[in-house]
Amino acid sequence: MSEGAIKKFMFVNRKAPYGTIYALESLEVVLITAAFDQDVSLVFMDDGVFQLKKGQQTKGIENKNFSPTYRALDGYDIEKLYVEEEALAARGLSEEDLLVDVTVMPRAELGKLMDEMDVVLSF
Amino acid sequence: MLIAVTINEGPYQHQASDSAYLFCKAALEKGHEIRRVFFYNDGVNNASSLTEPPQDDRNIVQRWSKLAEEHKLDLVVCVAAALRRGIRDENLAPGFRISGLGQLVEAGIEADRLVTFGD
Amino acid sequence: MLHIVNKSAAERNALDSCLRVAQGGAILLIEDAVYAATKGNEAESRLRDAQSHLKIYVLAPDLEARGMQDRIMEGVTTVDYGGFVDLVTEHKNCQSWL
């Protein structure tokens with residue numbers, strides 16, 4: 001790896017948690033990417049916004065509740081969390097329903113942001 | 001150009017691995033270099049040496065092994081995803097190696113393009 | 001940038017999400033997404049609207065495998081896997097709308 005190379009990585013999360021493993025395994029890549037000191041952005045759009053819903057209790061499905069990890073991202077210097085404004089509205093959610101501080105953004109703005117990235121990973 | 005590929009679905013169930021394979025082959029034919037193919041999520045199942053499709057079907061796993069041998073491709077299977085799904089060194093097809101997620105990030109940093117195939 | 005879509009637009013929202021977010025560049029339809037680029041399907045009009053700011057490509061081998069090569073809508077360009085590679089290298093980055 002070339003010394004000090006920093007790329008803009010964007011992780012696009014479009015799937016709800018628990019129904020499939022994508023949300024969890026995406027989060028695992030995010031944490032590793034942070035360890036490489038890269039410029040990391042997370043985008044939650046479509047059903048991906050459900051990943052950030054407050055109050056997840058997974059005891060009844062005998063799955064690990066990984067939602068607290070989103071709150072820990074700050075400690076890994078991952079602070080760029082973007083949520084699609086239209087996706088929240090379409091699901092009857094607002095910013096107050098989310099378990100972590102995010103930037104709510106209209107999808108057209110998200111598209112511009114995506115254009116600026118070096119690497120876009122989608123799960 | 002330096003290209004990296006990631007595959008997030010297993011063989012046969014989804015077309016992802018087929019599409020990725022044909023993409024890699026075309027890229028190599030055009031003189032590009034495939035920096036790494038990274039297998040993640042159910043994509044790790046592409047590395048199982050226990051796979052045995054019917055004779056009249058393509059052998060997806062062997063096809064990757066062959067391409068890796070011919071072009072010295074680096075086929076990396078994510079260790080955490082692999083252990084979850086029962087892929088280990090004992091049943092790893094030739095040409096694949098098991099390593100950490102850091103290999104995906106490193107491929108993203110080093111390659112000029114990273115293309116994802118999945119569901 | 002290059003947007004890659006592989007889902008049938010009738011079954012999943014990947015294409016529609018992509019069309020709403022993509023600001024410019026190109027869309028390549030592969031696998032089950034190729035049905036969206038055929039005449040008379042529900043997504044055709046949405047793709048036609050998108051052609052004002054996006055170039056639409058469709059992967060010919062996937063179109064042919066599905067017997068839809070005789071239905072391709074106007075203004076869409078077919079490419080083979082080599083063309084797919086060219087699209088990836090010609091654009092600065094790409095996103096797969098899985």
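Just the heavy atoms: all of them, side chains too, but no hydrogens, waters or symmetry mates, feed the values below. A, B, ... follow the sequence lines: proteins, then strands. Residue 1 opens every chain.
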inquiry  = Does B:Glu70 have more than 12 heavy atoms from other residues, nucleotides or ligands lying within 6.0 Å of its CD?
reply    = yes

Bottom line for C:Ile4: the part with an atom under 4.5 Å from chain B's heavy atoms is side chain

When the 4.5 angstrom heavy-atom criterion is applied to B:Asn8 and chain C, the contacting part is side chain

Margin query: Is it the case that over 12 heavy atoms from other parts of the model lie below 6.0 angstrom from the CD atom of B:Glu90?
Written below: yes

Heavy atoms from other residues, nucleotides or ligands near NZ of B:Lys66 exceed 12 (cutoff 6.0 Å): no

Is the closest side-chain heavy-atom distance between C:Asp62 and B:Gln15 below 4.5 Å? yes

To the nearest 0.5 Å, atom CD of C:Glu31 lies from atom CG of B:Asp119 at 8.5 Å

Original post:
Distance-only, no hydrogens or angles: does the B:Arg113 side chain make a donor-acceptor pair with backbone N or O of C:His91 under 3.5 Å?
Top reply: yes

_Just checking C:Gln69: does its CD atom have more than 12 heavy atoms from other residues, nucleotides or ligands closer to it than 6.0 angstrom?_
yes

Distance col, row B:Ser19:OG vs C:Asn6:CG, nearest 0.5 angstrom, shows 7.5 Å

For B:Arg58, I'd like to know if atom CZ has over 12 heavy atoms of other residues, nucleotides or ligands within 6.0 Å. yes

Tell me if a side-chain donor or acceptor on B:Asp112 pairs with a main-chain N or O of C:Thr89 at a distance below 3.5 Å.
no

Query - Flag, side chain of C:Ser96 to backbone of B:Thr116, donor-acceptor distance under 3.5 Å - result: yes

Counting only heavy atoms not in B:Arg63, do more than 12 fall under 6.0 Å of its CZ?
yes

More than 12 heavy atoms of other residues, nucleotides or ligands under 6.0 Å from CD of C:Glu90: yes or no? yes

Taking a cut-off of under 4.5 angstrom between non-hydrogen atoms, the residues of residues 20-28 of chain B near chain C are B:Leu22, B:Phe23, B:Ala26, B:Ala27

Carefully, step by step, assess C:Val85 and B:Met1 under the rule side chain to side chain contact (heavy atoms under 4.5 Å, CB included).
CA-CA 10 Å; C:Val85 173; B:Met1 200 174 252; over 6 Å; no

Expected contact set for residues 30-44 of chain B against chain C at heavy-atom separation under 4.5 Å reads B:Lys30, B:His32

(request) Take atom CD of C:Glu64 as the centre, draw a 6.0 Å sphere, and report whether it contains more than 12 heavy atoms from other residues, nucleotides or ligands. (result) yes

If one checks every heavy atom of B:Ile3 against chain C at 4.5 Å, the contacting part turns out to be side chain

